[in-house]
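A short write-up of the structure that comes next.
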Protein chains: 2
Amino acid sequence: MSKRKNAEKYYRIIKAATKIFAKKGFYQAKISEIAREADVADGTIYIYFENKDDILICLFEEQMKAVLDNMVSEISQEDDPAKKLERFALAHLKLIENNKSMAEIIQVEVRQSSKFMKEYKNEKFTQYLDLIADIIRQGQEKGVFKKEVIPGVAKRAFFGALDEMSRFWVLSSRKHYDINTAARQISEYFLKGIAG
Amino acid sequence: MSKRKNAEKYYRIIKAATKIFAKKGFYQAKISEIAREADVADGTIYIYFENKDDILICLFEEQMKAVLDNMVSEISQEDDPAKKLERFALAHLKLIENNKSMAEIIQVEVRQSSKFMKEYKNEKFTQYLDLIADIIRQGQEKGVFKKEVIPGVAKRAFFGALDEMSRFWVLSSRKHYDINTAARQISEYFLKGIAG
DNA sequence: CTCTAATGAATGGCTATTCATTCACGGCAG
DNA sequence: CTGCCGTGAATGAATAGCCATTCATTAGAG
């Protein structure tokens, strides 16, 4: 409802919050700072959001919607499950690279216990992980992936590998490995293994 | 210095803080709660620790020291690099299982931006990751792992896979997969790949 | 007695949130 | 055309509650 007021301002606040949360962390970020960054009054924020937590939740939902759509369209461009995984890896890392602030928030803040990931059931994130599980199941049906692989475990292993790589990028200022190299390495390990 | 006062009390506070931080999260946890849990007065905590942040740092350092030692001894019991990795995976997941509270703090709190992982250079964690890199290098020297694998990327991929699996366990109450199965699956993917 | 550890009530600083007030705009009557 | 309202958005100073940290005081060991 309140969101209807002025969409431009709503997004301006989201954008400002993304920046401040990423820089200071959720609890260190002051509403007044976000307000200043968004160039609105402190009170204005409460016209668009219920409270500080709500800003974080909206911000996350808003971004995940875009991320999810983007990834769906990315992987639909490949037919081969192995290729799909490789593309997932590359797209994921690129996304992180192009949205450092957002990535930092997801990496660090949204994993904050109580409010997020625990009482707040994170459906969008689950859906994102399930894109991987689906690819794996397809591969198994086509007979190109081992049947003993458990999609529920493998999806986490694959995502975790990518995620740890991005944490490294996000938290350390300089980037040590080329994004294409990293994506190829990771999907290669996952598909063929490091032994041989 | 202050730690010399009464080691038993020091550890009692660490233990209490571990429990409270895990339950409420760092910022939500009150000193008075930790004090109550440790059965000391609020002020007593400031005899043993500089401030709230210091509790978290000490707690982390203290635990990582133990974790690191334990893992070193675990992997030294195998000779084959592939077996070492498998043992790493199992030991890591077991550790998480046996120290849910600690795991939760590492998972969620220690990744908090500013104070931790950024200005506080986390040496112990780096060393932990480097155990994996060393195993991989050994394997490459022995000719059992592919030479094109980049240890710096692979260590993160492997750790990330395990870590995501534990996040799942830590954050969801019920555990879906057996720990041995998960450890075997993950090291299997990493060594042989899912394709085939 | 002395000296140190322990206590916990009081302090002080901080900031999320509120709300009385201002402002801007568009419709409407005269 | 003009001036007057009514409405709801925006403002930001003031509030209110929280909680880390301090420190004057007490307790206890030797």
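Heavy-atom basis, side chains included; hydrogens, waters and symmetry copies ignored. Throughout, a chain's letter reflects where its sequence line sits, starting with A, and its residues are numbered from 1.
Between C:dA5 and B:Lys9, no contact under 4.0 Å exists linking OP1 or OP2 to a side-chain N or O.
At whole-Å resolution of the value, CD in A:Glu8 and P in D:dA9 are 16 Å apart. A straight line from OH of A:Tyr48 to P of D:dA9 spans 8 Å, rounded to a whole angstrom. Spacing between atom CZ of B:Phe49 and atom P of C:dA6 amounts to 12 Å, rounded to whole angstrom units. Distance A:Asp39 CG to D:dA9 P: 19 Å, rounded to the nearest Å. We find that CD1 of B:Ile34 is positioned 16 Å from C1' of C:dG8, with the value rounded to whole Å. One can place CZ of B:Arg36 at 13 Å from P of C:dG8, the figure rounded to the nearest angstrom. As rounded to whole Å, 11 Å separates atom C1' of C:dA6 from atom CG of B:Asn6. In this structure, CD1 of A:Ile13 is placed 13 Å from P of D:dA9, rounded to the nearest angstrom.
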Would you list the atom pairs, donor with acceptor, under 3.5 Å between side chains in residues 66-74 of chain B and any protein atom, with sequence neighbours excluded?
from, atom 1, to, atom 2, distance (Å)
B:Ser73, OG, B:Asn70, O, 3.4
B:Glu74, OE1, B:Arg87, NH1, 3.0

If you look only at distance, which donor and acceptor atoms sit under 3.5 Å apart when one is on a side chain in residues 152-162 of chain B and the other is two or more places apart or in another chain?
from, atom 1, to, atom 2, distance (Å)
B:Lys155, NZ, B:Asp130, OD1, 2.7
B:Arg156, NH1, B:Gly152, O, 2.9

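Judged by distance alone, the side chain of A:Thr181 and the main-chain N or O of A:Tyr177 form no donor-acceptor pair under 3.5 Å. The closest donor-acceptor contact from the side chain of B:Thr44 to the backbone of B:Val40 lies at 3.5 Å or more, if one exists at all. In this structure, A:Lys52 contributes its side chain and A:Ala29 its backbone to a donor-acceptor pair below 3.5 Å.
Contacts classified as salt bridge (charged side-chain N to carboxylate O under 4.0 Å, His left out) and involving residues 183-192 of chain A (residues at least two apart or in different chains) are not found.
Taking a cutoff of 4.0 Å between a charged side-chain nitrogen and a carboxylate oxygen, B:Glu8 and B:Arg12 qualify as a salt bridge.
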Atom pairs under 3.5 Å, N or O on each side, protein against nucleotides 11-18 of chain C: can you list them with distances?
from, atom 1, to, atom 2, distance (Å)
C:dA16, OP1, A:Ala29, O, 3.4
C:dA16, OP1, A:Lys52, NZ, 3.4
C:dA16, OP2, A:Ile31, N, 2.5
C:dT17, OP2, A:Tyr46, OH, 2.7
C:dT17, OP2, A:Lys52, N, 3.0

Protein-nucleic acid N or O pairs under 3.5 Å, nucleotides 26-30 of chain D:
none

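A:Ala182 and A:Leu93 make their closest contact through CB-CD1, 4.0 Å (heavy atoms, listed as atom of the first residue, atom of the second, distance).
Listed by chain and residue number, B:Glu33 satisfy the side-chain contact (heavy atoms from CB on, under 4.5 Å) test with B:Arg36 (two or more places apart in sequence, or in another chain).
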